[in-house]
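Letters go in sequence order (proteins before strands), and every chain restarts at 1. Quick note: numbers below take in every heavy atom, side chains included, and nothing from hydrogens, waters or symmetry partners.
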Amino acid sequence: MTGAIHTMSDYNFSAIEKKWQTFWLENKTFKTVEKEGAEKFYCLDMFPYPSGAGLHVGHPEGYTATDILCRYKRMKGFNVLHPMGWDAFGLPAEQYAVETGTHPAVTTEKNVNRFREQIRALGFSYDWDREVNTTDPKYYKWTQWIFEQLYKKGLAYVAEVPVNWCPALGTVLANEEVIDGRSERGNHPVIRRPMRQWMLKITEYAERLLSDLDTLDWPEGVKEMQRNWIGKSTGALVDFQCAGACAGDTIKVYTTRCDTLFGATYMVMSPEHPLVAKWLESGVIANADEVKAYQKKAASKSDLERTELNKEKTGVLLDGIKGVNPVNGEELPVFISDYVLATYGTGAIMAVPAHDERDFDFAKVFALPIVQVVAPADSDEAKNASPDPVPYTAGAAFTDIATGVMVSSGFLTGLSVDDARKKMIAWLEEKGVGKAKTQYKLRDWLFSRQRYWGEPFPVIHWEDGTQSLVPEEDLPLTLPELADYKPTGTGEPPLAKAVDWVNVTDANGRKGVRETNTMPQWAGSCWYYLRYIDPHNDKAFADPALLKKWLPVDLYVGGAEHAVLHLLYARFWHKVLFDLGLVPTSEPFQKLVNQGMILGMAYKTPRGVLVPMDKIEWRDGKPFGAEEGGEMEPLVEFPAKMSKSLKNVVNPDDVIRDYGADSLRLYEMFMGPLQVVKPWQTNGVRGVHNFLKRVNRLVTETKISERAMTKDEARTLNATIKKVGDDLEVLAFNTAISAMMVFVNEAEAEAKVSGDLPKEFLEKFVLCMAPFAPHLGEELWQFLGHGDSLAYEPWPLYDPSALVVDEIEIPVQVLGKLRGRVKVGVSATPAEMEAAAKANPDVAKFLEGKTIVKVIAVPKRMVNFVVK
RNA sequence: GCGCCCGUGGUGAAAUGGCAGACACGCUGGAUUUAGGUUCCAGUGCCGCGAGGUGUGAGGGUUCGAGUCCCUCCGGGCGCACCA
């Protein structure tokens with residue numbers, strides 16, 4: 001190691017940061033230690049997709065937060081696991097390959113190298129020996145292995161399902177790559193088309209994925225989104241026998257409102273319902289042409305069109321088809337309409353227009369009868385419960401289930417909605433025409449992509465129609481080289497072009513073809529946190545003893561955009577591995593925090609026309625700009641997502657060059673609470689940069705003395721240690737930094753008076769600050785005469801006795817208004833406080849001539865006089 | 001429409017039911033330097049010369065006391081969106 005760079009007070013951040021980054025790397029300072037008896041802290045960042053654009057200022061936000069925490073925990077004596085890796089499969093590298101012919105692996109490696117370099121330039125304390133890369137065959141070997149376990153457990157299957165087919169790109173897109181019915185890349189139309197796909201039975205875990213959310217220390221919003229996504233509802237399946245031409249068939253419906261069965265006036269089936277196809281085939285539908293036309297129209301609608309058209313209900317009556325209401329034997333007309341989804345429940349509903357808004361809207365369009373069976377508790381209908389159906393005249397459906405009372409509903413009349421549901425289910429079960437049923441919105445996970453740059457499925461389809469897994473000992477099944485990466489145009493994945501790879505023959509001469517789909521990007525990220533625990537193991541994805549030691553992840557920090565998909569998929573895989581006895585916990589991530597997005601500043605004219613940063617003219621520090629062909633005028637500043645078009649993207653490299661990594665880290669933490677959205681302001685970086693300069697000056701320019709701390713110094717120091725430590729425990733980085741700024745303000749004032757500062761005073765402060773600004777921390781520690789890194793130096797303990805003061809100033813209120821301040825002894829009794837307060841002239845003025853009704857004196861807090 | 005979150009100075013923000021605006025940016029004035037994104041001092045919610053008044057989106061409530069707790073409304077963000 002070279003000596004301290006400080007010979008003068010200049011804050012040479014570039015040299016300091018380079019020096020310590022090299023030191024940490026060469027000495028493997030942050031190699032995970034597994035000290036016996038020490039508590040573990042597994043702190044995980046969501047690993048990035050290494051895009052060609054490099055790091056943006058959003059990445060370092062969460063990474064800095066976890067880094068500070070990890071450095072703090074190491075100093076507190078914890079065994080810390082803090083790894084980083086790359087989620088490197090994905091579409092952009094493949095698109096680039098299509099355009100240029102460059103192998104995605106080449107692009108990926110280049111991007112990873114750049115990301116690694118940028119991340120290292122921020123001084124994060126990752127254990128680089130544990131770096132993982134989802135595209136590394138040594139890694140995806142185990143992704144494939146886990147898939148095989150899912151397959152063997154019966155959780156993976158092939159099905160013909162509708163997918164997002166983009167004719168222009170000649171490929172299938174994932175849902176997340178389709179925005180409002182068009183491709184995210186290129187903005188081409190996307191249509192639904194059935195194709196053979198791999199599915200994972202996540203639905204089998206729906207209940208556990210839902211109920212275990214209660215055990216997690218996660219943001220309430222994320223848990224709520226997962227609950228909505230899983231979408232549990234409790235209701236009933238009810239059988240409607242068919243009458244007329246289709247007699248003998250049964251239409252099964254799912255309903256959460258079986259209490260309203262007496263109010264059903266028609267039925268609706270989805271256009272794709274198998275019974276409709278059957279009836280068309282057998283010719284029992286009189287208006288078959290009309291029905292077919294509607295089916296065709298519904299099928300050709302894109303998702304966008306479906307949502308746009310959902311205001312006006314459409315549908316077609318199935319002429320000749322009747323369903324019999326099991327509770328009253330009434331024959332109901334049956335419609336098809338695309339407002340009933342084929343994929344939810346049974347794909348058919350009973351319609352109760354009086355008590356369901358969608359049914360109400362449909363009934364209005366088709367002039368169908370509307371019968372009231374639930375009435376407000378205090379209404380006339382509820383009081384004079386008529387046994388006969390009551391036509392419903394209100395302008396909207398009545399859907400209040402909390403207070404509604406059943407009317408005109410036979411044996412349910414007079415009951416609450418809740419009681420009526422229970423009674424109806426009992427009745428349905430007794431008669432054998434229905435039963436209670438819990439339903440989930442969650443669908444099975446569409447797990448295949450028609451892509452090159454993903455994990456190949458280790459599956460072979462044999463000519464005899466059977467299918468088998470690639471034996472475990474033959475994993476990984478690596479990707480073949482391709483001459484070009486263009487889509488085939490038919491929907492057939494690019495891997496189909498690798499003929500030699502695709503065609504296989506077994507020992508007995510049986511021929512087969514490999515699966516040519518690849519896994520989605522989520523696969524690799526479903527379990528990477530497990531691999532970090534034992535990243536070089538070639539016998540297992542990780543050693544069970546180590547898994548037991550490190551799981552669960554204690555803190556997981558990442559963007560809110562992964563609230564549902566990644567986090568739900570990873571929980572699902574984890575639970576499967578748990579059931580197989582391969583991981584020791586039922587949940588992977590104990591505590592989750594979403595960092596808030598960092599926005600850029602954007603500018604618009606008074607009429608709202610956006611003006612890019614490079615078109616702005618600054619006059620006296622005020623922004624001016626012009627609309628197309630317009631006059632220059634003052635602009636309005638507002639925070640907006642950083643974007644290329646606004647030219648307001650902040651590049652971390654620039655910030656590091658101008659102010660240093662420590663300043664960037666400190667600023668990102670000082671902007672505000674980690675979890676909230678914050679606009680980037682470069683002036684703020686200057687603020688914290690100046691703070692670091694002052695710290696540097698304080699330590700290197702003040703005369704350092706061996707004398708004991710004064711009482712004031714001890715109080716200042718210990719208050720800072722306490723506040724910083726307390727704030728770190730609750731991730732309040734911004735207030736911890738402000739506490740350190742207060743320290744420096746006070747220390748500078750102190751130094752000015754005394755001419756020197758005790759060594760201990762400065763040393764302990766440097767230790768406090770080091771997790772936030774680690775490069776300067778190390779440098780100043782060395783300056784203070786220490787030979788080694790401070791990374792494992794014990795976190796300073798604060799001395800509570802140093803915080804004790806003899807006298808405090810408390811506010812005095814009269815009728816709740818502040819009227820004065822008095823100094824009292826810290827242990828003053830309420831009576832003493834009252835006396836002191838009354839003696840204060842500012843207060844006495846407001847008590848004069850008044851009667852004191854009550855005195856509230858809270859020790860160490862305040863005094864309040866209630867007067868008349 | 002439904003669910004979740006959030007409204008505090010010119011700006012980013014602090015504040016276990018107890019002195020609103022800590023800390024920082026910006027700004028104003030001054031000092032030292034003036035190559036300066038330097039450093040230092042003072043001031044800075046609003047109204048008022050002042051005593052004082054007033055102030056946390058609006059209105060109501062609980063309380064000796066409310067930014068904080070409860071109710072209604074308004075505004076913003078995010079998510080889901082025909083899920084029967």
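- For G65(B), there is no paired nucleotide, since no Watson-Crick or G-U wobble pair has both relevant distances below 3.5 Å.
- Rounding to whole angstrom units, CZ of residue Arg861(A) and C1' of A15(B) are separated by 11 Å.
- As a whole-Å value, the separation of Leu666(A) CG from A13(B) P is 16 Å.
- A donor-acceptor contact under 3.5 angstrom links the side chains of Glu746(A) and Thr716(A), judged on distance only.
- Counting only heavy atoms from C-beta outward, the side chains of Glu748(A) and Arg694(A) approach each other to under 4.5 Å.
- The listed nucleotides are A84(B), A13(B), A22(B); the one nearest the side chain of Pro673(A) is A13(B).
- Glycosidic torsion of G26(B) falls outside 90° of 0, placing the base in anti.
- Taking atom P on both G26(B) and G76(B), the two are 31 Å apart, rounded to the nearest angstrom.
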* To do: Summarise how protein sits on nucleotides 49-80 of chain B as a single string, 5' to 3': B when a protein heavy atom is under 4.0 Å from the base, S for sugar-phosphate-only contact, - for no contact.
  => ---SSS---------BS-------------S-
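- Mapping Glu357(A) and Lys678(A) onto RNA chain B via the closest heavy atom, the residue that lands nearer the 5' end is Glu357(A).
- Taking the side chain of Thr255(A) as heavy atoms from C-beta on, and the options A84(B), C23(B), A14(B), the nearest nucleotide is A84(B).
- Both tests pass for Lys313(A) against the ring of Tyr339(A): distance under 6.0 Å to the centre and angle within 45° of the axis.
- Only the P atoms considered, G45(B) is 10 Å distant from G10(B), to the nearest whole Å.
- With both pairing distances under 3.5 Å, U38(B) is matched to nothing as a Watson-Crick or G-U wobble pair.
- Contact of the Ile251(A) side chain with the Val334(A) side chain is registered, since non-hydrogen atoms from C-beta on lie closer than 4.5 Å.
- Contacts of Arg227(A) with the nucleic acid, taken as non-hydrogen atoms under 4.0 Å apart, are absent.
- The side chain of Asn734(A) has A13(B) as its nearest neighbour among U16(B), A13(B), A84(B).
- Counting only distance, with no hydrogens or angles, the side chain of Arg665(A) and the backbone of Phe772(A) share a donor-acceptor pair below 3.5 Å.
- Counted by atom type alone, Tyr667(A) and Thr682(A) present zero donor-acceptor pairs between their side chains at under 3.5 Å.
- Comparing the C1' positions of C4(B) and G55(B) gives an interatomic distance of 30 Å, to the nearest angstrom.
- Put simply, the side chain of His355(A) gets close to the backbone of Val374(A): a donor and an acceptor are under 3.5 Å apart.
- Here, C69(B) and A24(B) have their P atoms 28 Å apart, quoted to the whole Å.
- Place Val676(A) and Arg257(A) on RNA chain B by their nearest nucleotides, and Val676(A) ends up nearer the 5' end.
- Contacts of Glu809(A) with the nucleic acid, taken as non-hydrogen atoms under 4.0 Å apart, include base atoms.
- Of all nucleotides present, none satisfies the Watson-Crick or G-U wobble test against G17(B) with each distance under 3.5 Å.
- A13(B) atom C1' lies 11 Å from atom OH of Tyr667(A), rounded to whole Å.
- Put simply, the side chain of Val316(A) does not reach to within 4.5 Å of the side chain of Gln295(A), judged on heavy atoms.
- Within the 4.0 angstrom heavy-atom criterion, no nucleotide atom of any strand lies near Thr343(A).
- In this structure, CG of Asp727(A) is placed 14 Å from C1' of A13(B), rounded to the nearest angstrom.
- For Thr203(A) and Asp444(A), the side-chain atoms include at least one donor-acceptor pair closer than 3.5 Å.
- With a cut-off of 3.5 Å on both Watson-Crick or G-U wobble distances, the partner of G10(B) is given as C25(B).
- Across the C1' atoms, G9(B) and C23(B) are found 15 Å apart, a figure rounded to whole Å.
- We find that CG of Leu341(A) is positioned 6 Å from C1' of C82(B), with the value rounded to whole Å.
- Of all nucleotides listed (A14(B), G12(B), G3(B)), A14(B) comes nearest to the side chain of Thr735(A).
- Asp361(A) has its CG atom 14 Å from the P atom of G1(B), to the nearest Å.
- Taking atom CE of residue Met269(A) and atom P of nucleotide C82(B), one finds them 20 Å apart after rounding to whole Å.
- Note on Pro219(A): nothing from the nucleic acid sits closer than 4.0 angstrom, heavy atoms only.
- Nucleotide C78(B) is matched to G3(B) when pairs are restricted to Watson-Crick or G-U wobble geometry with both distances under 3.5 angstrom.
- The pairing partner recorded for A58(B) is U72(B), the criterion being a Watson-Crick or G-U wobble arrangement whose two distances lie under 3.5 angstrom.
- Closest to the side chain of Tyr344(A), out of U16(B), A84(B), C82(B), is A84(B).
- In this structure, the nucleotide among C82(B), G12(B), A14(B) sitting nearest to the side chain of Tyr339(A) is C82(B).
- With hydrogens and angles ignored, the 3.5 Å screen pairs no side-chain donor or acceptor of Glu807(A) with any backbone N or O of Val824(A).
- Comment: Arg257(A) does not engage Asp359(A) in a salt bridge, judged by the lack of any side-chain N to carboxylate O separation of less than 4.0 angstrom.
- Spacing between G77(B) and G43(B) at atom P, rounded to whole Å, works out to 40 Å.
- When each of G37(B), C40(B), C4(B) is scored by its nearest atom to the side-chain atoms of Glu748(A), the top-ranked nucleotide is C40(B).
- Across all strands shown, Lys752(A) has heavy atoms under 4.0 Å from sugar-phosphate atoms exclusively, and none from any base.
- Comparing the P positions of A42(B) and G79(B) gives a spacing of 47 Å, expressed to the nearest Å.
- For the pair Lys223(A)/Leu213(A), a side-chain contact is recorded, criterion being any heavy-atom separation below 4.5 Å from C-beta on.
- A heavy-atom distance below 4.5 Å is found between the side chains of Trp218(A) and Gln226(A).
- Phe362(A) is not listed as a side-chain neighbour of Pro353(A), based on a closest heavy-atom distance of 4.5 Å or more.
- As rounded to the nearest Å, U56(B) and A15(B) have C1' atoms that lie 11 Å from one another.
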* Using a 4.0 Å cut-off on protein heavy atoms (strictly under), produce a 5'-to-3' string for nucleotides 24-32 of chain B with B for base contact, S for backbone-only sugar-phosphate contact, and - for none. => SSS------
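- Taking a pair to require two hydrogen-bonding distances under 3.5 Å in either a Watson-Crick or a G-U wobble arrangement, U32(B) remains unpaired.
- Of the charged side-chain nitrogens involved, none lies within less than 4.0 Å of a carboxylate oxygen, so that Glu668(A) and Lys678(A) do not count as a salt-bridged pair.
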Dump every N/O contact between nucleotides 6-8 of chain B and the protein below 3.5 Å, one line per pair.
none

* To do: Decide side-chain contact (heavy atoms from CB on, under 4.5 Å) for Met642(A) and Ile598(A); before the verdict, give the C-alpha distance in whole Å, the side-chain angles of both, and the deciding distance to 0.1 Å.
  => CA-CA 8 Å; Met642(A) 290 187 185; Ile598(A) 295 182; 4.1 Å; yes
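- Asp338(A) has its CG atom 16 Å from the P atom of A81(B), to the nearest Å.
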